[in-house]
Amino acid sequence: MRRFLVDRASIENVNVVQQEAELEPPPNVVNEFNPNEIVRDPGFCVAKSILVPNMDDEIPVRGRSRAEGRTITNLHHYRAEIFYVAIDKICVEMDHRFSEGSNIILDCFSCLDPKNSFSKFDVDKLARLADIYHADFSDDDRGTIRDQLETYVLQVRRNASFSTCEDVQSLAMKMVQTEKHLVFPLVYKLIELALILPVLTASVERAFSAMKIIKSKLRNKINDVWFNDLMVCYTEREIFKSLDDIDIIRTFTAKKSRKGHLPRNFI
């Protein structure tokens, strides 16, 4: 998830470039995928019996008659016909997994990426998160967060200690070490939200998996209250395993009188 938060903008940039001209990807994408870097280690290729192609060699265009004489370089083949296709499939998979609203949130959170001197930092997108998470930010917070973001990015770009940050997690640790989380509490709250987002996503997926197990064909008419109680017990089963059954029985019995009475050794 953290990888997706960081690289989502890069993937979208690849799509734009591909639509305009399938020749040169953005510089940051070249750093991500360089065929020459992949084949630089001859020992690995020899051990795996991998034929190392010369990226400048001309090869016939696939799907065309050789009589036409049309050729492309190996570099263009691996970049445009393999790498771009893989990126397209990843984007389609992400679009199916995340809704449009989720994509907007992920795109906004990706602006917190500290790499390359906070090159992806966008005040407008980060300030928009305060409106999306309106329950976590007051009206005064939403009015001042933009100024705090602008001041924050100026200071961290000038501070050499932040140049070693590689992801949002290391950025949060560095802010605590330098006490910047006290100077920029609203920015730090955004970082906290970015860090708990993968946990929330996993929790939701785990809850949906539990729903399929609990609400089966034999229990398809279960009411919402009972269904919610069963969901809590199943999802947090590790916590319930640590509880003593006798304590549960005593608490349940003490709530109100029952038609039947439990054995004395239980009470």
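Not measured: the values here are computed from a predicted model.
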**Q** Spell out, yes or no, whether V176 and F118 are grouped together once hydrophobic residues are joined by side-chain heavy atoms under 4.5 Å, including indirect joins.
**A**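 Yes, V176 connects to F118 through the hydrophobic network.
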**Q** Can a side-chain donor-acceptor contact be found between D113 and S110 if the only test is distance below 3.5 angstrom?
**A**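 No, no side-chain donor-acceptor contact under 3.5 Å.
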**Q** Between R250 and D247, is there a donor-acceptor pair closer than 3.5 Å when you use the side chain of the first and the backbone of the second?
**A**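 No; zero donor-acceptor contacts below 3.5 Å.
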**Q** Where the side chain of Q148 meets the backbone of L186, is there a donor-acceptor pair that is under 3.5 Å apart?
**A**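 Yes.
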**Q** Ignoring hydrogens and angles, tell me if any N or O in the side chain of N74 forms a donor-acceptor pair with the backbone of N54 under 3.5 Å.
**A**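 Such a contact is found between N74 side chain and N54 backbone.
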**Q** Examine distances only and state if a side-chain atom of R157 and a backbone atom of S117 form a donor-acceptor pair shorter than 3.5 Å.
**A**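 Looks like yes, one N/O pair under 3.5 Å.
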**Q** Do F109 and L129 come within less than 4.5 Å of each other through their side chains, counting heavy atoms only?
**A**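 Yes, at least one pair of side-chain atoms sits under 4.5 Å.
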**Q** Between K241 and E238 (salt bridge meaning N to carboxylate O under 4.0 Å), is one present in this structure?
**A**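 Judged by the 4.0 Å cut-off on N to carboxylate O distance, K241 and E238 do form a salt bridge.
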**Q** Would the distance check show the side chain of K125 and the main-chain N or O of D107 forming a donor-acceptor pair, the cut-off being under 3.5 Å?
**A**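 Not at all, since once roles are kept as given, no pair shorter than 3.5 Å links the two residues.
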**Q** Any salt bridge between D139 and R142, counting N to O under 4.0 Å?
**A**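 Counted as a salt bridge, because a side-chain N and a carboxylate O are separated by less than 4.0 Å.
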**Q** Looking only at atom types and distance, does a side-chain atom of N116 sit under 3.5 Å from a main-chain N or O of S119, one as donor and one as acceptor?
**A**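 It does not hold such a pair.
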**Q** For I239, is there any backbone N or O sitting under 3.5 Å from a side-chain donor or acceptor partner on S242?
**A**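 A pair under 3.5 Å: yes.
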**Q** Judged by modelled atom types alone, do D147 and T144 share a side-chain donor-acceptor pair under 3.5 Å?
**A**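 No, no side-chain donor-acceptor pair sits under 3.5 Å.
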**Q** Are the side chain of N159 and the backbone of V156 linked by a donor-acceptor contact shorter than 3.5 Å?
**A**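 Answer holds: no.
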**Q** Measure up the Y152 and F184 rings against each other and bin them: parallel (under 30°), tilted (30 to 60°), perpendicular (over 60°).
**A**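 Ring orientation of Y152 relative to F184: perpendicular.
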